[in-house]
2 protein chains.
Amino acid sequence: MGSTLIFAFMRTRDENKIEAIYREALQMVVNEGFEGLSMQKLAKAAGVSPATIYIYFKDKEDLLLQLHKRELDKYFAYILDGFDPEMDFASGLAVQWKRRAEYVIKHPNEGHFMENFAFTPLLQKSIRMRDKRFSEMMSRFVTKAIQNKELVVMPFEVYWSVAFAPLYNLVRYHKAGMNLSGEKFQLTDEMLMQTLSLVLKALKPGAGEPVPDISCIKHQ
Amino acid sequence: MGSTLIFAFMRTRDENKIEAIYREALQMVVNEGFEGLSMQKLAKAAGVSPATIYIYFKDKEDLLLQLHKRELDKYFAYILDGFDPEMDFASGLAVQWKRRAEYVIKHPNEGHFMENFAFTPLLQKSIRMRDKRFSEMMSRFVTKAIQNKELVVMPFEVYWSVAFAPLYNLVRYHKAGMNLSGEKFQLTDEMLMQTLSLVLKALKPGAGEPVPDISCIKHQ
DNA sequence: AATATAAATGAACGTTCATTCATTTTAAAA
DNA sequence: TTTTAAAATGAATGAACGTTCATTTATATT
């Protein structure tokens, strides 16, 4: 698969073919769902023989895992550009928000694929192949912000959910062109800025809002 | 299909069969993904003949649409219990949060299915069959809260994303048993209460946080 | 017990699926 | 120009797919 040994007398790989396979596979999953991705349809769409796909990928599962890894790598690289975990919290969060928003707005299919993939049984296998450096940086950023009292003490998962889940939800509506009730919806920069403002307000240190007891887990 | 005409000399329907079909279909989608749901495997799992499924459902797509509608109806009914759109904002939001959290924690597969379905091409067809009363109540609740100055002016979609997307993200981690980095994760009541507290803080009227300009949409 | 009707079925349909394989094509080194 | 080894292929594989159909089963009424 990923072997890069080069012998004499080798015919050169046509990288355009690999790109086409990746591109059309992603398109197909987004347009027709995971059950709509077939190797023969994919081969036709990418303009190659079905057998060619098996030169580059062990099987269909391998293709999906490689595609997911590739998309995550591209996404993470984009997010990290201009970001430094040593930034102060508000600036760092704003930079990340902007980069994430820009990417998924400009590349809605890529965003859709990554989110959809997170509900697949393949997710766990994908996580195992993941480069840990990205999440280490994110973790460091949050730990440091808590130490510096720029952020209330909270588990990383709570932070991430409050900080970014609203953004991804808005982008999902935007891509579908409608909200959950079926009403037309188009995301605007004003909405994005307002949402970021609300998120910053939520995460800013200070008295939390009092909350009624909601024991959903203990009393099962 | 949904016909309820009853003639004399009719053999009675075995409702257990329909229940089993629904139950196993949901299980199969959650465990193996949408591409893992086959009518023959489903028939075997539900203990019926493949042909029996086609007595109750026009085809596979119809089965998925009916299943989704059924799950949404159950979920919405649960959420609305104890909720009244005329409640004051903080109480109403807390009630909804508690009900939503309880349901998806107690019924993780059902929650997973509904969220996963939202990325399917079938979503648009499902939205068209949807009972509008639920979203009308939610809409009324928010409009009224804005009028009463209990909530900053914002589009409904922004409200929903800030209010509930963090909850669903946490529950997703909880069901997977890990966060996006692959670290073990278990949701606690404390995390839920903290997240609700942050959400209430975000939505509470008052000065928003200043935010840098993030124009992701205009400059494309 | 006989009857009428829909429920329920197992086997079969043609199609599409993922994958393989014998063969041809390609391109750089010799 | 010849040589070489991987790239690339079209056709074929058996398995699994969604769906149908001729037939049998079950049951509330007569």
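Residue numbers start from 1 in every chain, and the chains themselves are labelled A, B, ... in the order their sequence lines are given, proteins ahead of strands.
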Quick one: B:Asp14 CG to C:dA8 P, roughly how many Å, whole number? 6 Å

Looking at the base of D:dT25, is there any donor atom on it, or on the side chain of B:Arg11, that sits under 3.5 Å from an acceptor on the other one? yes

In residues 39-52 of chain B, what donor-acceptor pairs under 3.5 Å come from side-chain atoms, sequence neighbours left out?
residue, atom, partner, partner atom, Å
B:Lys41, NZ, B:Glu32, OE1, 2.9
B:Lys41, NZ, B:Gly36, O, 2.8
B:Ser49, OG, B:Ala51, N, 3.1
B:Thr52, OG1, B:Ser49, O, 3.4

Taking only residues two or more places apart in sequence or in another chain, which ones pass side-chain contact (heavy atoms from CB on, under 4.5 Å) with B:Met154? A:Gln194, A:Leu198, B:Leu151, B:Val152, B:Val158, B:Tyr159, B:Leu203

Is there a donor-acceptor contact under 3.5 Å linking the side chains of A:Glu102 and A:Tyr78? yes

Going by heavy atoms closer than 4.0 Å, what residues in residues 24-31 of chain B are next to DNA chain D? none

Sugar-phosphate, base or nothing in reach of A:Leu63, heavy atoms under 4.0 Å: nothing

Exercise answer: donor-acceptor pairs, residues 109-124 of chain B side-chain atoms, under 3.5 Å, sequence neighbours excluded:
residue, atom, partner, partner atom, Å
B:Asn109, ND2, B:Gln27, OE1, 3.3
B:His112, NE2, A:Phe119, O, 3.3
B:Thr120, OG1, B:Phe117, O, 3.3

Could you give the CZ-to-P distance, from A:Phe34 to C:dC17, as a whole number of Å? 17 Å

Considering every strand and a 4.0 Å limit on heavy-atom distances, what is the contact class for B:Leu37: base, sugar-phosphate, or nothing? sugar-phosphate

side-chain hydrogen bond (donor to acceptor under 3.5 Å, both in side chains), paired with B:Gln96, selected from B:Arg99, B:Lys98, B:Arg100: B:Arg100

May I have all residue pairs that pass salt bridge (charged side-chain N to carboxylate O under 4.0 Å, His left out) and include part of residues 157-182 of chain B, sequence neighbours excluded? none

Please list, one pair per line, the donor and acceptor atoms closer than 3.5 Å that link side chains of residues 129-139 of chain A to other protein atoms, with sequence neighbours excluded.
residue, atom, partner, partner atom, Å
A:Arg130, NH1, B:Leu180, O, 2.5
A:Asp131, OD1, A:Arg133, N, 3.2
A:Asp131, OD1, A:Arg133, NE, 3.4
A:Asp131, OD2, A:Arg133, NE, 3.1
A:Asp131, OD2, A:Arg133, NH2, 2.8
A:Ser135, OG, A:Lys132, O, 3.2

side-chain contact (heavy atoms from CB on, under 4.5 Å) partners for A:Asp84, two or more places apart: A:Glu86, A:Met87

Between atom NZ in B:Lys60 and atom C1' in D:dT20, what is the gap in whole Å? 17 Å

Under the rule for salt bridge (charged side-chain N to carboxylate O under 4.0 Å, His left out), what residues qualify as partners of B:Arg128, not counting sequence neighbours? none

May I ask you to evaluate whether B:Arg13 reaches the phosphate of C:dA7, defined as a side-chain N or O under 4.0 Å from OP1 or OP2? yes

Please check the phosphate of C:dA18 (OP1 and OP2 only) for any side-chain N or O of A:Ser38 closer than 4.0 Å. yes

Expected rows: protein N/O vs nucleotides 9-12 of chain D N/O, under 3.5 Å:
residue, atom, partner, partner atom, Å
D:dT9, OP2, A:Ser49, N, 3.2
D:dT9, OP2, A:Thr52, OG1, 2.3
D:dG10, N7, A:Ser49, OG, 2.9

